[in-house]
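A quick write-up on the structure given underneath.
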Amino acid sequence: MLSEPRSGRLAAWGNALLAGLVSPDDAVLAIVGEDAVHRVEGLPGESGPVGLTLALGRLRALGVKGLRVALPAPGHPLGLSGPPDFNARALEAEEAVVCHGAALGLVPEVYEAGPEGDVHVEVVWHCLAVREAPPADVPSLGEAERELAEALREATEVLSRLDVAGSGPVAEAAVDAYRARAERGREVLAPGYPPRAVRVLELAQRVGLLISVAYENGHGGAVSASEISARALALRPVERTARRAQVAAYNAFVEERERGVR
């Protein structure tokens, strides 16, 4: 839950490439990550799917100056601006990238093949028209940081009372895995992002870890239906806050550019 979304990698490293801070090869390598290949379909001027390097160059030629992230959930069109058909596809994928400077958006479709332990993953980004309007419900970095700190305190208190805050071998393994990922690569965003965006994204991921542990740790001490319901009620607003903060962090590059910081 709240792991690094593919749309986040595309937006972050795409922004670094558009700003001239990384090479096309480095950007594509970071975006693809552990997947086998990424392609873009429906790009204006192209008759079929193209690779990421060509696609990012074409987007720049079409006037794209930056990339934003959307992480919508049912009843919460976070980061979206329409039209309805794009919003529906983004909601189904639970993520999307919205271009700044051209009325285009990208929604990933993931294909998996192969046996367990040797899964081959291909991603096709569908390029679609979007409405040029402010994205829905995206806070500033300052707002996101304050909301996360408060949500983390509240969730910890409630989940501690329900005995699911993060004890036991499952929780310890999750925390160890998070720390190992953090040590492997401290650059949770791409070059050019402000330090506050990095800090907000790290905190959002930490909150996401807490939510994952709470869900994956079984029922813990929540043995009654009312206690299980209380856990769900405690987690829902925290997960929403963490997603809003995640989007604010990824979108900080474009927001700073709009304010003339860059």
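When reading the values below, keep in mind they use all heavy atoms of this one structure, side chains included, and skip hydrogens, waters and symmetry mates. Here the structure is a predicted model, which means the values were calculated and not measured.
A salt bridge links E150 with R153: the distance from a Lys NZ or Arg NE/NH1/NH2 to an Asp or Glu carboxylate oxygen falls below 4.0 Å.
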Would you be so kind as to tabulate the donor-acceptor pairs closer than 3.5 Å made by side chains of residues 90-98, with sequence neighbours excluded?
{"residue": "E95", "atom": "OE1", "partner": "R6", "partner atom": "N", "Å": "3.2"}
{"residue": "E95", "atom": "OE1", "partner": "S7", "partner atom": "N", "Å": "2.7"}
{"residue": "E95", "atom": "OE1", "partner": "S7", "partner atom": "OG", "Å": "2.8"}

Which donor-acceptor pairs under 3.5 Å do side chains of residues 21-29 form with protein atoms, sequence neighbours excluded?
{"residue": "S23", "atom": "OG", "partner": "D26", "partner atom": "N", "Å": "3.1"}
{"residue": "S23", "atom": "OG", "partner": "D26", "partner atom": "OD2", "Å": "3.3"}

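Residues V69 and N251 are in side-chain contact: their nearest non-hydrogen atoms beyond the backbone lie under 4.5 Å apart. Side-chain atoms of R199 and L141, non-hydrogen and from C-beta on, never get closer than 4.5 Å to each other. Looking at heavy atoms from C-beta onward, H126 lies out of side-chain contact with F86 at the 4.5 angstrom threshold.
Taking each heavy atom of A19 and F253 in turn, the nearest pair found is CB-CZ, 3.6 Å. Residues L189 and V198 approach most closely at CD1-N, 3.8 Å, considering heavy atoms. A pairwise comparison of heavy atoms in I31 and G14 identifies CD1-N, 4.3 Å as the closest pair. Residues A245 and A204 approach most closely at CB-CB, 4.2 Å, considering heavy atoms. For the pair V40 and L106, the tightest heavy-atom approach, listed with the atom from each and the gap, is CG1-CD2, 4.0 Å.
No donor-acceptor distance shorter than 3.5 angstrom exists from the side chain of R131 to the backbone of P83, with no hydrogens or angles considered. Not one N or O on the side chain of R243 forms a donor-acceptor pair closer than 3.5 Å with the backbone of L78.
Checking N15 against Y193 by side-chain atom types alone, a donor-acceptor pair falls below 3.5 Å.
A search for side-chain hydrogen bond (donor to acceptor under 3.5 Å, both in side chains) contacts involving H100 returns nothing, not counting sequence neighbours. Every residue meeting the side-chain hydrogen bond (donor to acceptor under 3.5 Å, both in side chains) condition with R196, not counting sequence neighbours, appears here in chain and number order: E145.
Each side chain to side chain donor-acceptor pair (under 3.5 Å) pair with one or both residues in residues 49-59, not counting sequence neighbours, appears once here: E46-R58.
A distance of 6.0 Å separates SG of C127 from CG of L59, quoted to the nearest 0.5 Å.
Grouped by direct or indirect side-chain proximity (heavy atoms under 4.5 Å, Ile/Leu/Val/Met/Phe/Trp/Tyr only), Y111 sits with V124.
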